[in-house]
There are 2 protein chains.
Amino acid sequence: MSVQPQRAARPTLEDVAERAGVSRATASRVLNSSPRVSPEAHEAVTAAVVELGYTPNHAARSLVTRRTDAVAVVFSEPEPKIFDDPHFGQLIRAAARALAAADVQMVLMLVHSPEDQARAERFLAGGHVDGALLFAPHKGDQLPSVARKLPLPVVYAGRPWGPLRGLHLVDNDNIGGAVVATEHLLSLGRKKIVSVTGTVDEYSSIDRVEGWRTAVGADEAETALMTESGNFDREGGKRAMAALLDRVPDLDAAFVASDLMAAGALDALREAGKRVPEDVAVVGFDDHPLIAPHTEPPLTTIKQDSNDQVAHMVTHLLRLLRDEPVRARREVLPTILVRRQST
Amino acid sequence: MSVQPQRAARPTLEDVAERAGVSRATASRVLNSSPRVSPEAHEAVTAAVVELGYTPNHAARSLVTRRTDAVAVVFSEPEPKIFDDPHFGQLIRAAARALAAADVQMVLMLVHSPEDQARAERFLAGGHVDGALLFAPHKGDQLPSVARKLPLPVVYAGRPWGPLRGLHLVDNDNIGGAVVATEHLLSLGRKKIVSVTGTVDEYSSIDRVEGWRTAVGADEAETALMTESGNFDREGGKRAMAALLDRVPDLDAAFVASDLMAAGALDALREAGKRVPEDVAVVGFDDHPLIAPHTEPPLTTIKQDSNDQVAHMVTHLLRLLRDEPVRARREVLPTILVRRQST
DNA sequence: GCGAACTGTGGGAGCGCTCCCGAGCGGGGC
DNA sequence: GCCCCGCTCGGGAGCGCTCCCACAGTTCGC
């Protein structure tokens with residue numbers, strides 16, 4: 001006679017029905033708040049649920065409804081370092097909050113290796129989730145093209161590479177933000193405004209250069225002269241700023257495409273003996289809470305609201321899941337200038 | 001005659017079996033790599049799986065196996081600000097990596113409101129996951145006591161409040177790290193070593209004070225005089241340092257219980273005209289990648305390897321899930337001193 | 001040389017749920 | 001007074017999978 005492990009047998013809907021003196025079907029109706037149930041039945045079932053501590057078996061429900069009430073949140077980044085960025089934490093937090101509010105579970109996937117990607121593909125194709133939020137900004141990333149073939153609603157953060165036809169996405173107004181930043185510098189009377197750019201494999205970076213170019217009216221030759229990539233990291237920002245000081249000694253302002261790079265740029269300016277903002281005014285991008293307010297001097301920057309972006313993505317995805325109409329396939333969210341002491 | 005929406009009917013195991021010319025049972029055996037299958041059958045099934053692009057229906061499998069192959073990763077923080085901390089990003093990333101390697105899905109839950117907690121409770125009790133990793137360091141948090149009643153393996157990060165009996169946890173050696181930090185300062189000949197502490201509602205903070213107290217041999221009165229809480233944020237670190245400078249004007253070293261607070265403490269020291277490390281040597285805690293190397297001067301600090309901690313938690317949990325023996329219910333991971341220019 | 005053990009396989013039950021369909025019942029219209 | 005409609009409810013099928021059990025065929029021991 002062996003001792004059964006007997007992990008506390010959870011009550012089933014059958015048990016609830018029996019206790020409530022109704023059929024399984026009626027009990028199910030109550031749980032799914034179907035309208036065609038008498039008040040007495042409703043009450044009896046509700047009471048039985050509480051008494052038995054019943055929780056529906058998700059697998060069984062999912063098997064028949066073909067819904068999982070879960071969505072995947074996928075971050076695809078060739079360089080895993082991005083995951084240390086607090087921006088990433090903000091995005092996750094925003095997603096968690098918005099999905100929790102809709103009582104949808106969040107399955108997080110971080111992909112940076114080809115194996116991760118294969119796993120993600122299998123997972124998304126495997127019907128484990130009803131939809132996905134996809135963060136895959138980098139050129140050459142295969143995931144978006146794989147994802148678009150999936151019979152699964154996907155909402156993208158920003159514009160992925162490849163054809164956009166038919167994609168649902170929520171972007172930040174990077175161009176507009178860069179224009180505002182640059183015009184702010186122009187309005188301060190600055191004449192020689194350079195730009196430290198990000199990596200050319202992300203649209204967010206490309207758009208920011210584009211906004212700067214439009215605002216200053218630079219042609220191709222000027223653009224080549226007046227911009228330098230800082231690779232979206234602090235060291236890169238410093239290097240880029242140093243190179244620009246070398247090439248354009250009389251520069252009097254810089255639009256730097258991220259706060260992290262701007263912190264590096266400020267280091268370079270300090271080392272070159274330039275005063276900020278007197279000699280050189282600097283505007284960053286992101287309004288990074290751990291960086292922008294704490295640089296020397298505190299950084300004027302463009303704030304993009306990640307919370308808002310993710311909230312929009314979630315709303316959009318939920319509408320798709322519920323077959324509700326979406327206002328537009330693509331949404332572009334505004335960015336705003338936050339002025340501090342670097343301008 | 002209505003048009004069926006007909007979402008691409010996924011092949012079932014039945015289809016695979018038919019195509020391979022075997023029974024459903026044999027096909028299932030192949031998929032679950034059961035040993036008792038002939039090579040021919042194995043090959044036929046494998047081929048059929050590829051040809052049909054079959055992926056197992058997770059809900060059906062889960063219904064009968066009572067496993068979900070998913071675990072919850074729960075962060076319980078009354079103050080949601082913590083989620084902006086890059087430390088948080090590192091933990092998530094480490095968890096994602098370790099769980100992905102085991103082909104276990106990660107369901108992320110961020111709880112800070114009572115509703116979040118109720119949701120988390122329901123979710124954990126609902127059999128949606130096989131186990132959970134729980135980060136709930138704060139005193140008064142109800143989640144740990146709820147979780148311990150759940151028929152669900154849980155591994156804790158650090159020591160939660162309440163009885164530890166029977167809990168599985170992986171902690172960092174906060175006491176040891178603080179001792180090493182303080183002894184480092186003593187070895188430099190420092191005599192008046194103060195400490196900026198964290199919040200009293202976390203064991204990590206309490207342990208760090210304790211380590212400092214042990215190393216300097218302070219009694220209760222001295223401890224009250226020589227320590228000040230910085231509330232684990234930058235402003236608090238600054239305030240605490242200023243208060244300590246006031247109370248102990250001849251202090252010549254400080255052990256600060258987090259890098260973020262240490263950054264604030266350095267601000268306070270600078271404003272007070274103290275040179276670091278000449279007048280006051282400072283040691284932080286965390287080795288925060290965005291802070292420690294970039295303070296002025298760069299910060300000597302205690303590194304705790306979050307990756308390692310989470311990896312241990314995952315390994316521990318997986319062993320529990322597989323009914324394998326665990327070495328010890330509680331693991332304590334070492335911390336190491338990273339020396340930079342602030343000492 | 002014959003029963004026992006072992007190996008590969010298929011049939012079938014059943015996991016817990018939803019949903020279709022039809023039964024039962026009461027009330028209103030003619 | 002009868003029929004029909006609307007409302008609530010129960011029976012039963014079936015979602016796709018795993019796993020128990022039985023069975024046929026082979027090999028081994030004495």
Let's see if you can work this out: which of [options] has an atom nearest to the side-chain heavy atoms of [X]?
| X | options | result |
| --- | --- | --- |
| A:Ser38 | D:dC9, D:dG12, C:dT9 | D:dC9 |
| B:Thr65 | D:dC19, D:dG12, D:dG10 | D:dC19 |
| B:Val37 | D:dG11, C:dT9, C:dC15 | C:dT9 |
| A:Ala41 | C:dC17, D:dC9, D:dG16 | D:dC9 |
| A:Val22 | D:dG16, D:dG10, C:dC17 | D:dG10 |

**Report entry** Nearest-nucleotide 5' precedence on DNA chain D, B:Ala25 against B:Leu63
**Finding:** B:Leu63
Does [X] place a side-chain N or O at less than 4.0 Å from the phosphate oxygens OP1/OP2 of [N]?
| X | N | value |
| --- | --- | --- |
| B:Arg66 | C:dG16 | yes |
| A:Ser23 | D:dG11 | no |
| B:Asn32 | D:dT18 | yes |
| A:Thr12 | C:dG16 | no |
| A:Thr26 | D:dG10 | yes |

Query raised in the report: Considering only heavy atoms and no angle criterion, is a donor-acceptor pair shorter than 3.5 Å present between the side chain of B:Arg10 and the base of D:dG16?
Result: no
Query raised in the report: Is A:Ala59 touching bases, backbone alone, or none of the nucleic acid, heavy atoms closer than 4.0 Å?
Result: nothing
[X] side chain to [Y] main-chain N or O, any donor-acceptor pair under 3.5 Å?
| X | Y | value |
| --- | --- | --- |
| B:Asp171 | B:Val332 | no |
| A:His316 | A:Val154 | no |
| B:Asn32 | B:Ser34 | no |

Query raised in the report: In terms of the nearest nucleotide of DNA chain C, which residue is placed more toward the 5' end: B:Arg29 or A:Val64?
Result: B:Arg29
Query raised in the report: Going by the angle between their ring planes, with limits at 30° and 60°, are B:Phe75 and B:Phe135 parallel, tilted or perpendicular?
Result: parallel
